[in-house]
Amino acid sequence: MANIRSKLRKIQQGIDQIEQKQFEEIRRKISWLQYDLEDVLGHFPPDNKASRQRLMVFLEYEEINADYPLTYISEGQYACHMYPNVVLTYLHYLLDEVGVPPVDEIAIYKEFILKGSPELAMEFYCLEIKWRQFSDQG
């Protein structure tokens, strides 16, 4: 039993180190982009996996945009095209954990996601059902 606890402790320490390195990378990118750390982390809390993934996509877009300005594609379009599952997971997070229905975002993201990834239509349909249930309760 002690052997199992020791292995679990080592695994947890490894996970903690990885998360710490990832958070330092996030801080570095936010600083490099000259954004306010508290403002960005307030919008995308890094303690939630879905939010942290969405933050990484946002920062990736902003880094690319800093070097090569993207005038024809918005951050939302980029995220939906390159990382549609991250955006879907983030929208579920908004509904499930934050309690903020992304009313204006859902239709926009639906168009962007399904244009590039029509195989996600059922997943998006489930999200819309959940959103309607949430909005009916409110």
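We number each residue from 1, following the sequence as shown. What you see is a predicted model, and the numbers here were worked out from it, not measured in a lab.
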Note to self: Could you check whether any side-chain N or O of S51 sits under 3.5 Å from a backbone N or O of P45, counting only pairs where one atom can act as donor and the other as acceptor?
What the structure shows: yes
Checklist line | Distance in Å, Y35 OH paired with H43 NE2, rounded so as to fall on 0.5 Å steps | finding: 11.5 Å
Item checked: Approximate separation, where rounding is to 0.5 Å, of C126 SG and L120 CG -> 11.0 Å
Next item on the list: Taking atom CZ of F23 as the centre, report whether more than 12 heavy atoms of other residues, nucleotides or ligands fall under 6.0 Å from it.
Entry: yes
Notebook entry, point to check: Looking only at heavy atoms, what is the nearest atom pair of Q77 and S74, with distance?
Noted result: OE1-N, 2.7 Å
Notebook entry, point to check: Taking 4.0 angstrom as the limit, do K110 and E128 come out as a salt bridge?
Noted result: yes
Next item on the list: Kindly indicate whether the side chain of I30, heavy atoms from C-beta on, has any atom under 4.5 Å from the side chain of I26.
Entry: yes
Item checked: E63 side, atom CD; K29 side, atom NZ - distance, nearest 0.5 Å -> 4.5 Å
Check: Of the non-hydrogen atoms in C80 and P84, which two are nearest, and what is the gap between them?
Finding: O-CB, 3.3 Å
Which atom pairs, donor and acceptor, lie under 3.5 Å between side-chain atoms of residues 12-20 and protein residues at least two apart or in another chain?
unit_1	atom_1	unit_2	atom_2	d
Q12	NE2	D16	OD1	2.8
Q20	NE2	E24	OE2	3.1

Note to self: For the CD atom on E119, are there more than 12 heavy atoms of other groups (residues, nucleotides or ligands in this structure) within a distance under 6.0 Å?
What the structure shows: yes
Check: Hey, mind stepping through E123 and L127 against side chain to side chain contact (heavy atoms under 4.5 Å, CB included) and telling me if it holds?
Finding: CA-CA 6 Å; E123 176 70 23; L127 176 69; 5.8 Å; no
Notebook entry, point to check: If Ile, Leu, Val, Met, Phe, Trp and Tyr residues are connected whenever their side-chain heavy atoms lie under 4.5 Å apart, and connections chain through other members, are Y125 and I113 in the same group?
Noted result: no
Next item on the list: Could you go through the side chain to side chain contact (heavy atoms under 4.5 Å, CB included) check for L41 and L55 one step at a time?
Entry: CA-CA 8 Å; L41 296 182; L55 171 61; 4.0 Å; yes
Notebook entry, point to check: What closest approach, in Å, do I73 and Y61 show between heavy atoms, and which atom pair accounts for it?
Noted result: O-OH, 2.8 Å
Next item on the list: Go through the steps for V98 and N48 under the test side chain to side chain contact (heavy atoms under 4.5 Å, CB included), then give the verdict.
Entry: CA-CA 11 Å; V98 177; N48 178 278; over 6 Å; no
Item checked: Donor-acceptor pair, side chain of T89 and main chain of N85, under 3.5 angstrom -> yes
Note to self: Apply side chain to side chain contact (heavy atoms under 4.5 Å, CB included) to residues R54 and V57 and explain how you reach the verdict.
What the structure shows: CA-CA 5 Å; R54 185 68 180 90; V57 172; 4.0 Å; yes
Note to self: I'd like to know if D47 pairs up with R52 as an ion pair, taking the criterion as any Lys NZ or Arg NE/NH1/NH2 lying under 4.0 Å from an Asp or Glu carboxylate oxygen.
What the structure shows: no
Next item on the list: Please work out which of the three classes, parallel, tilted or perpendicular, describes the rings of Y83 and Y78, given edges at 30° and 60°.
Entry: perpendicular
Check: Say you draw a straight line from CZ of R132 to CD1 of I106; how long is it, rounded to the nearest 0.5 Å?
Finding: 8.5 Å
Notebook entry, point to check: Say you draw a straight line from CG of N3 to NZ of K7; how long is it, rounded to the nearest 0.5 Å?
Noted result: 5.0 Å
Check: Considering all heavy atoms of both residues, which atom of L59 and which atom of L33 are nearest to each other, and what is their separation?
Finding: CD2-CD1, 3.7 Å
Next item on the list: Answer yes or no: does atom NE2 of H92 have more than 12 heavy-atom neighbours from other residues, nucleotides or ligands under 6.0 Å?
Entry: yes
Next item on the list: With rounding to the nearest 0.5 Å, note down the distance linking CG in L114 to CZ in F124.
Entry: 6.5 Å
Margin query: I'd like to check the ring-ring contact (aromatic ring centres under 6.0 Å, His included) partners of F44; sequence neighbours left out, ordered by chain and number.
Written below: F58, Y90
